[in-house]
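Take a look at the structure below.
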Amino acid sequence: MKVVTGVVGNDIHVVANRLIDISLQERGFTVFNLGVNTYLEEFIDAVIETDADVLLVSSLNGEAEGWCRDLGILKSKFDLSGVVFMIGGNLSVGEVSTEEIIPKFQNYGFDLVSHQSDLNEGLDELEALLKERL
Amino acid sequence: MKVVTGVVGNDIHVVANRLIDISLQERGFTVFNLGVNTYLEEFIDAVIETDADVLLVSSLNGEAEGWCRDLGILKSKFDLSGVVFMIGGNLSVGEVSTEEIIPKFQNYGFDLVSHQSDLNEGLDELEALLKERL
Amino acid sequence: MSLLQREREIIVANEYIDNFDFDEVKEFITNASKNLFISHKFKNSDNILVQPRGGFPTYDKVFELYGEFKASNVDVLPLTIDSNTRLNDYAMAKKMLALSEENDTNMLNGYPLVNHGYRTTRKMMVHYDTPISLRHGTPDARLLIETALASGIFEIEGGPITYLLPYSKNFPLDKAFLYWKYVERVCAEYSKLNEPINRESFGPLSATLQAPAIVIVIQLLEMLLSLEEGVKSFSVSFSQTGSMNQDAVSSNVIKKLARKYADKFGHTDAVINLVYHQWMGAFPYNKNSSDALINTSTVIAAIVGANKIITKTRDEAFGLPTKESNAQAVANVKYTLNMLKGLPKIHDEEEEENLTLQVDEILEAVFNDNADTLWRKVFNSIKKGYIDIPFSPHIINHNEVITVRDPQSNIRIYNKGNLPLSEKSFAFDRDKIRLGENESVVQKIIQDIGVML
Amino acid sequence: MSLLQREREIIVANEYIDNFDFDEVKEFITNASKNLFISHKFKNSDNILVQPRGGFPTYDKVFELYGEFKASNVDVLPLTIDSNTRLNDYAMAKKMLALSEENDTNMLNGYPLVNHGYRTTRKMMVHYDTPISLRHGTPDARLLIETALASGIFEIEGGPITYLLPYSKNFPLDKAFLYWKYVERVCAEYSKLNEPINRESFGPLSATLQAPAIVIVIQLLEMLLSLEEGVKSFSVSFSQTGSMNQDAVSSNVIKKLARKYADKFGHTDAVINLVYHQWMGAFPYNKNSSDALINTSTVIAAIVGANKIITKTRDEAFGLPTKESNAQAVANVKYTLNMLKGLPKIHDEEEEENLTLQVDEILEAVFNDNADTLWRKVFNSIKKGYIDIPFSPHIINHNEVITVRDPQSNIRIYNKGNLPLSEKSFAFDRDKIRLGENESVVQKIIQDIGVML
Ligand code: B12
Ligand code: B12
């Protein structure tokens, strides 16, 4: 399975990104890590280029809301129906409850949304979904 | 003006008692300090013996409620109508609001009740009342 | 039957308690779980043990409190006794316990252990299977201690000096010595059955401007009086002074001298532990400030290398803490101790030397008293004012020693009263004091009492 | 017109800002209140200055935030810039500012200063009449700094290394040096008009397992690059390491070496201050634990003798703090600093010696590079991996240095990559590392990142 990952927008928090890279590899994924400060277009390009199964976006500094609103538009331009879109990290500026955030990002077009939760639990969810889709 | 003071019941917190003694003297009162661990009967005896104008009771360790319930009975036995009864310090076990405590101790027979408040403000109140009564 | 045993029979024949079965108690202690013994835990732990304070009138409330504490990963459970029981006023305690139970309010500021009795109380102690420390403040604690030990409480705080001078107005001091001798002997006796019973002295005293030298002298004397009777596990203690450096100095000196004097008196096999009390003086009314104060105490305890820390809560200024805030305090302290790493070693040679000198000077005067036994020497020394603590409510205390803080907040002796200090060791302290212009000593003392507000 | 002035004219001719009146700005700074200058406050205060972090998208929210801070008795106000402005993306910042204003939500994680402009911003700064510190993380901060200084913000954080390696993925390093040279020169120029503008370096870097030697090398180099351009007031900084002893060692060494190298390069008249950042790494999700962590940081800052402390809040793990909890954090820190007395002096000769050795070794290699100017030497050293920080997102960083914690939680160099360390000074570090049985370095690193959780 191929995963494209990275941190969206003008966000340079790299620590989680490094750990995610390691964790995905440990779980047997082939990882294309675009690193921090990656724009949505770059993610989509990479997904298409690598024919990835999963796009796993991180956001830590609260910018995600601003950068991900246009995901729907981008998705509609390409046929990405087979790709799982996942986002996680710290998804809002200031403290907002998970219940409020999840539907918002689902509306943007993410299949899996994980706010301030454990990385391993998130990746378990991802694997479960991938299994389901097979 | 003569003041009898002390700490009621099985309460041995002496620090406030020392400061009250000094503060009363500084304000020109003649002080009869019975110290800590003083029972209600002893206070009343001392008031009568010294012909005091004020009985100023401290309680710090939360026992006051238990020891002061019978003040009314004691007061009714003697003619103490000219004496100002005051109590202050920390008047309940656990955290209880001042609004709840003041009427309770007024019912017991205290003219002035001061819970967890500043000593000087309390003594100002006392002097104001004494002036009024003249 | 030994004399002691005869006295014990009399003590437990008290109208407020059910019949006392010494044989059963002996058997219970012999077979008691090691986990109930703090002496065992001290031996097997590298970490500072965390012990809160706390006690409520009813069994159920204490049971719940312990549940909360356990959930916060507490190391040692406290049982704080109410102030009536402390003054042996079991009648009043009984009355207030009844009122508390009926109305589901707290009419007592602690657990009336004698009234509850050991058969009831032991259930709770065995249930939690965690060391319990008895905190009281009782000059005549004979019945209380019998009940405590029979309940599975294997650490007993107090002593003839530390539970008298700050805790009583006129209880006869010589009696206190004899009653505590009884306590020591009972503890020593039971110590042979299983792990040792730990005795702990109460270093905070009146918790207000206590000079380290006097605190340490009293700690060492109570330690010696206890070891003399056969106790094998003893904790000396002191409370946060308000100066981090003075805490470190006190810690270094008390550890060194406790070992030295224990050995000197032939108790080389006794284990000595150090207990640090979080700030014991007047607390701020702002609860966030209290949290900050408590956390700072924790950091200092770790730096000075205490074996146990006794905690306060953010409710301190207001009244007995709720079980929730008490448990939260434990959780916070545990977090801090866990997270706090790379602790430096602090030494201040000059301060340590002078403090050692002061302690040695006072102790020498005590030992030189010509009474025949140690407790009588100590008794005489207190009467003479060789030992004199500020803010004692007790009539025997001289009340001549005056202490204030220097600019670094170290507690310094301003007036030495009858303390047998040399000019040199006294001048070391006194010369560091600075009074403001037009500042009276009384004003300074009032300010210094409120140093944490 | 000087070359610099010509460059400045070009910089401020930006489509996102109104016209920039240099003469008016000069006059403003010349006559500005002394209270706006932290350099002035450093000179006239014996206490650690307390500075929170904080910024919101809209003017009104920052204004309110400052009001809260002032009520908590803050010493230095922060202005944290949003991450779009940091990467010179003024268009995105403008869009998000508009959204924030319309919907009264925060669509930016800081204050987009360039979009607001200096005329507006200055009103607020003059109103509060308190030193303000600019916190950004911008490699090309030329326009931002012009705007800040014109607004009355007289402390500028950052530097070509510390605001690049942790804050950027691929911004060209050589450009960063030149752009920061511009910043230093503008600061130096304005420093002649009134009190000096203070420059501060950002020691926390990526806030994750930074080895003290590397931090200090970078601090000293940014200091020298700044003083070289005429800056007269400079703050070096570092953040809590996780080991109290390592913090004390770092503090002693950085203070000593900053003075030494400043003097050595002829800047004897420059004032050097030390700033301590409360824990900068991953925060616990338990807010009580965060309070405890923050308080512990405060105690350490006081012990190590910092001149300023930069605070965090109990909301750290969750998101930008509310103004209330931010102000509460300041109040708590102020309480602790006030109450904390009798601070001991901590020294660890062996550790200090080795850290000094490591710093000197790296600096020697940097200075020995045969480029003509200091900034080029530093540039080459980073390219060669003589300077290499863990967890930098930047492509120029070698990412070969690996650090982990020893059992006392000191950060130690496990893999030195190209760091020009002697066998001896490296072995000192490396020999202290203990991996658990079957524990991989990666596992250890993950655990060490989460050391405060
Ligand atoms: C270290 C740090 C920094 C370092 C970053 C260094 C670097 N280059 O990486 C420095 C100091 C440079 C920094 C800078 C800034 N930071 Co910062 N930073 C932190 C901090 C303290 C720790 C982050 C970290 O490394 N954690 C350790 C890693 C392992 O954990 P993590 O990042 O939380 O990731 C875990 C989970 O989120 C999850 N996860 C992450 N992604 C994904 C994805 C999926 C799919 C799943 C399932 C899970 C998952 O798994 C990870 C591993 O457990 C956090 C606060 C905190 N969390 O304690 C703030 C924080 C993230 N920073 C913040 C901000 C705002 C900034 C700044 C904009 C400055 C500012 N205004 O204060 C700048 C950023 C500039 C920019 N362009 O982005 C905010 C974000 C605000 C918000 N969301 O509301 C935070 C939350 C602090 C705060 N409360 O204000 N920061
Ligand atoms: C020091 C102290 C001790 C010392 C006392 C030494 C001594 N002999 O004096 C020691 C350690 C020995 C001690 C023991 C105990 N203490 Co104590 N102690 C304190 C502490 C920390 C400070 C008290 C103090 O000295 N304050 C400084 C003085 C100057 O302030 P103050 O006492 O508050 O008095 C001021 C005002 O109240 C006011 N005031 C007082 N009286 C009056 C009267 C009038 C008319 C007016 C106007 C004003 C006024 O003016 C004073 C000056 O500003 C308080 C908590 C706190 N406040 O921080 C607990 C506290 C008073 N203790 C408490 C308790 C329960 C005990 C114990 C029973 C043990 C236990 N169960 O925990 C034992 C008491 C045994 C007994 N028989 O009484 C509780 C009381 C609980 C309650 N009310 O709900 C408190 C509040 C702690 C707590 N939160 O649990 N204690």
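Residue numbering restarts at 1 for every chain, and letters A, B, ... go by the order of the sequence lines. The basis for the numbers below is simple: all heavy atoms, side chains too, and nothing from hydrogens, waters or symmetry mates.
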Inset, instruction - Check step by step if side-chain contact (heavy atoms from CB on, under 4.5 Å) holds for Thr336(C) and Asn295(D). - result: CA-CA 10 Å; Thr336(C) 300; Asn295(D) 186 265; over 6 Å; no

Inset, instruction - Would you mind telling me which of Asn288(D), Val299(D), Asn338(D) has the largest number of heavy-atom pairs within less than 4.5 Å of chain C? - result: Asn288(D)

Inset, instruction - Select one option (side chain, backbone, both, neither) describing which atoms of Asp348(D) are under 4.5 Å from chain C's heavy atoms. - result: neither

Legend entry - Approximate separation, where rounding is to 0.5 Å, of Asn332(D) CG and Leu293(C) CG: 11.5 Å

Inset, instruction - Go through the steps to decide whether Val451(D) and Met339(C) satisfy the test side-chain contact (heavy atoms from CB on, under 4.5 Å), and finish with yes or no. - result: CA-CA 7 Å; Val451(D) 72; Met339(C) 155 274 274; over 6 Å; no

Inset, instruction - Measure distances from Ala292(D) to the heavy atoms of chain C and classify the residue's part below 4.5 Å as side chain, backbone, both or neither. - result: both

Legend entry - Lys345(D) atom NZ, neighbour heavy-atom count above 12 within 6.0 Å: no

Legend entry - Which portion of Ile294(D) sits near chain C, non-hydrogen atoms under 4.5 angstrom: neither

Legend entry - Atom CD of Glu324(D) with >12 non-hydrogen neighbours under 6.0 angstrom: yes

Legend entry - Between NZ on residue Lys341(D) and CG on residue Asn410(C), distance to nearest 0.5 Å: 11.0 Å

Inset, instruction - Decide if atom CD of Gln443(D) counts as having more than 12 heavy atoms of other residues, nucleotides or ligands within a radius under 6.0 Å. - result: yes

Legend entry - Residue pair Gly342(D) / Ser243(C): nearest heavy atoms and the distance that separates them: CA-OG, 3.5 Å

Inset, instruction - Calculate, to the nearest 0.5 Å, the distance between atoms CG and CD1 belonging to Leu343(C) and Ile346(D) respectively. - result: 9.0 Å

Inset, instruction - Among the options Lys334(C), Met452(C), Gln246(C), pick out the one with the most heavy-atom pairs lying under 4.5 Å from chain D. - result: Met452(C)

Legend entry - From Ser409(D) atom OG to Leu340(C) atom CG, the distance as rounded to the nearest 0.5 Å: 9.5 Å

Inset, instruction - Grab the two heavy atoms, one from Ser289(D) and one from Tyr335(C), that are nearest each other, plus how far apart they are. - result: O-CE2, 3.3 Å

Legend entry - Test item: Ile303(D) and Ile303(C) side chains (from C-beta on) under 4.5 Å apart, heavy atoms: yes

